[in-house]
Participant: 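Can you keep this structure in mind? I'll have questions shortly.
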Amino acid sequence: MPSGKRFESPPSSSVAMPGSVDSTYQMIKDMQVRGAGRIARAAVVALKEYCDSGKFSSTKELYGGLFAAGEKLKSARPTAVSLPNAVNFVLVAAKRIETRGGSLKSTIRAIDEVCDGFVASSLKATTTIGSYGAKRIQDGDVVLTHCNSEAVTAVLTAAHEAGKKFEVFATETRPRFQGRITASVLAKRGLDVSLIPDSAVRVYMRKVDSVLVGADAIAANGAVINKIGTSQIALIAHETRARFFVAAETYKLSATTMLGELVEIEHRSPYEVVPRAWLKANSRVKVRNPSFDVTPPEYIDLIITEKGIYPPQGIVFLMKELYAEPPAGSA
Ligand code: RI2
């Protein structure tokens, strides 16, 4: 396991940026804004606000500032590839717009449109995933989910709205208990949901027909990087022959894994696991808090995207289609 030191914030985190970029960076880092899709949209909205801040006197200056802002936002959390993919989407378009020439005003307007377009297509992708995924849920099914994923709640909600009768088990998802969000959201939408401790998954898995989780990143070999505990759940699902589905927008595909790069796993503060006083009283105890793990493709049946449903082995072809030239050095 890599040492915690490797996961310290990169130096760009100390570069001061105006208002929205700084606060968005901090909110993503502190997980006040969380979930791979949400952090991607939040970063893009911050870039748009930065463009609109009225502090630039030339398109060159605008692009330079935007690039620095994008780099800062990308450094907020290392694992969810949706974040660099979204920021790079805006930066690549901004570069193209800048090179094309035009007034500062028209350049800002064009970049704003790119940002709005990303947010709209991200939201639409989640809805599309919902309708594709809902077809995989049958009357009488028991579906287990882990953590809190908008893509997953979209699928479950679409199935419920289609009149299907099924039961959901949501894990608590220690240490930050995002499973409570899932349980609360689904219950409010009228679904039949039970919240269970993470450690109870094997007790209930025999009842479970399918597991449905989100993704923070998907590698070229079809491996899925998602909230810590996902890979253990996949193993248990494999044992009982429950199907294992992943719901993820295509901007969670990690194109640089085609070039052999690995997805960096975020390790967070020990104080998410134990109180400060406890650790002070037990200072010889090392607390490790990896935020994500990797589920190998052998344990995954299907990956549900807005472009269609793929077996994990087919993801590399989708990746090649979407990212003909993966951006070297970016995630
Ligand atoms: P959506 C979350 O990460 C979870 O791991 C979740 O499965 C994934 O993002 C995808 O979420 P975190 O931000 O984009 O809670 O589907 O660490 O909402």
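Quick note: residue numbers are just sequence positions, from 1. For ligands, and for the atoms within them, numbers begin at 1 and follow the listed sequence. The shown structure was predicted, so the numbers you read here are calculated from the model rather than taken from an experiment.
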Participant: Given A40, S149, C147, which one has a non-hydrogen atom that is nearest to atom 16 (O) of ligand 1?
Facilitator: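 That would be S149.
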Participant: If you take the nearest heavy atom of each of K227, R176, E249, which one is closest to atom 17 (O) of ligand 1?
Facilitator: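 Nearest heavy atom to atom 17 (O) of ligand 1 lies in K227.
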Participant: Considering only heavy atoms of N226, which atoms of ligand 1 have at least one such atom less than 4.0 Å away?
Facilitator: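 Checking each atom against N226, I get 4 (C), 5 (O), 6 (C), 7 (O), 8 (C).
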Participant: Note the single closest protein heavy atom to atom 5 (O) of ligand 1, along with its residue, its atom name and the distance in Å.
Facilitator: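 Among all protein heavy atoms, the one nearest atom 5 (O) of ligand 1 is D216 OD1, 2.6 Å.
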Participant: Under 4.0 Å between a Lys/Arg side-chain N and an Asp/Glu carboxylate O for E249 and K307?
Facilitator: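 K307 and E249: not salt-bridged.
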Participant: Taking atom types as modelled, is there a side-chain donor on E61 or S57 under 3.5 Å from an acceptor on the other?
Facilitator: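 Yes.
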Participant: Do any nitrogen or oxygen atoms of S291 lie less than 3.5 angstrom from nitrogen or oxygen atoms of ligand 1?
Facilitator: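 In this structure, S291 places no N or O atom under 3.5 Å from an N or O of ligand 1.
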Participant: Just by distance, no angles: are the side chains of S291 and K227 close enough, under 3.5 Å, to form a donor-acceptor pair?
Facilitator: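 On atom types as modelled, these side chains qualify, holding a pair under 3.5 Å.
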Participant: Checking the N or O distance criterion of under 3.5 Å, is ligand 1 in contact with V152?
Facilitator: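 There is no such contact.
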Participant: Under a 4.0 angstrom heavy-atom cut-off, which atoms of ligand 1 come close to R77?
Facilitator: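 Under 4.0 Å from R77, ligand 1 has these atoms: 12 (P), 13 (O), 17 (O).
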Participant: To the nearest 0.5 Å, what is the distance between OG on S106 and CD1 on I97?
Facilitator: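 S106 OG to I97 CD1: 9.0 Å, rounded to 0.5 Å.
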Participant: Show the atoms of ligand 1 that are less than 4.0 angstrom away from any heavy atom in M31.
Facilitator: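 Counting atoms of ligand 1 from 1, those under 4.0 Å from M31 are 15 (O), 17 (O).
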Participant: Does only the side chain of N148 get under 4.0 Å from ligand 1, or the backbone, or both, or neither? Count heavy atoms.
Facilitator: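 The answer is the backbone of N148.
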Participant: Less than 4.0 Å between a side-chain N and a carboxylate O, is that true for R176 and E272?
Facilitator: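 A salt bridge is present here (some side-chain N lies under 4.0 Å from a carboxylate O).
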Participant: What residue and atom, counting heavy atoms only, is the protein's closest point to atom 15 (O) of ligand 1, and at what distance?
Facilitator: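 Sorting protein heavy atoms by distance from atom 15 (O) of ligand 1 puts R34 NE, 2.6 Å first.
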Participant: I need the atoms of ligand 1 closer than 4.0 Å to a non-hydrogen atom of F292, numbered in the order shown.
Facilitator: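 Matching atoms, with element in brackets: 3 (O), 5 (O), 17 (O).
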Participant: Quick one: look up the protein heavy atom nearest atom 18 (O) of ligand 1 and list residue, atom name and how far away it is.
Facilitator: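 Closest protein heavy atom to atom 18 (O) of ligand 1: E150 N, 2.7 Å.
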Participant: Is there a donor in the side chain of R34 and an acceptor in the side chain of N148, or the other way round, less than 3.5 Å apart?
Facilitator: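 Looking only at side-chain atoms, N148 and R34 do form a donor-acceptor pair, the distance falling under 3.5 Å.
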Participant: Between D116 and K48, does any NZ, NE, NH1 or NH2 come within less than 4.0 Å of an OD or OE carboxylate oxygen?
Facilitator: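 Between D116 and K48 there is a salt bridge, with a charged N closer than 4.0 Å to a carboxylate O.
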Participant: Tell me whether F245 is reachable from L144 by hopping between hydrophobic residues (I, L, V, M, F, W, Y) whose side-chain heavy atoms are closer than 4.5 Å.
Facilitator: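 L144 does not cluster with F245.
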Participant: Over 60° means perpendicular and under 30° means parallel, so classify the ring planes of Y251 and F118, tilted if in between.
Facilitator: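 Taking Y251 first and then F118, their aromatic rings sit tilted (interplane angle of 30° to 60°).
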Participant: May I ask you to check if ligand 1 and G37 share an N or O to N or O distance below 3.5 Å?
Facilitator: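 Yes; the residue has a nitrogen or oxygen that sits under 3.5 Å from a nitrogen or oxygen of the ligand.
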Participant: Using heavy-atom distances, let me know which of K252, E266, R38 sits nearest atom 1 (P) of ligand 1.
Facilitator: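 Of the listed residues, K252 has the closest heavy atom.
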Participant: Tell me: protein heavy atom nearest atom 11 (O) of ligand 1, and distance?
Facilitator: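 Residue, atom and distance for the closest contact: A36 N, 3.5 Å.
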Participant: At less than 4.0 angstrom from any non-hydrogen atom of A151, what atoms of ligand 1 do you find?
Facilitator: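 Under 4.0 Å from A151, ligand 1 has these atoms: 16 (O).
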Participant: Determine whether the aromatic ring centres of F244 and Y299 lie less than 6.0 Å apart.
Facilitator: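 Distance test on ring centres: not under 6.0 Å, no.
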Participant: Starting from atom 10 (C) of ligand 1, which protein heavy atom do you reach first, and at what distance in Å?
Facilitator: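 The protein heavy atom lying closest is A215 O, 3.4 Å.
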Participant: Is H146 touching ligand 1 with its side chain, its backbone, both, or neither, if touching means heavy atoms under 4.0 Å apart?
Facilitator: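 No part of H146 is near ligand 1 at this cut-off.
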Participant: Regarding E239 and R202, does a basic nitrogen lie under 4.0 Å from an acidic carboxylate oxygen?
Facilitator: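 Salt bridge: yes.
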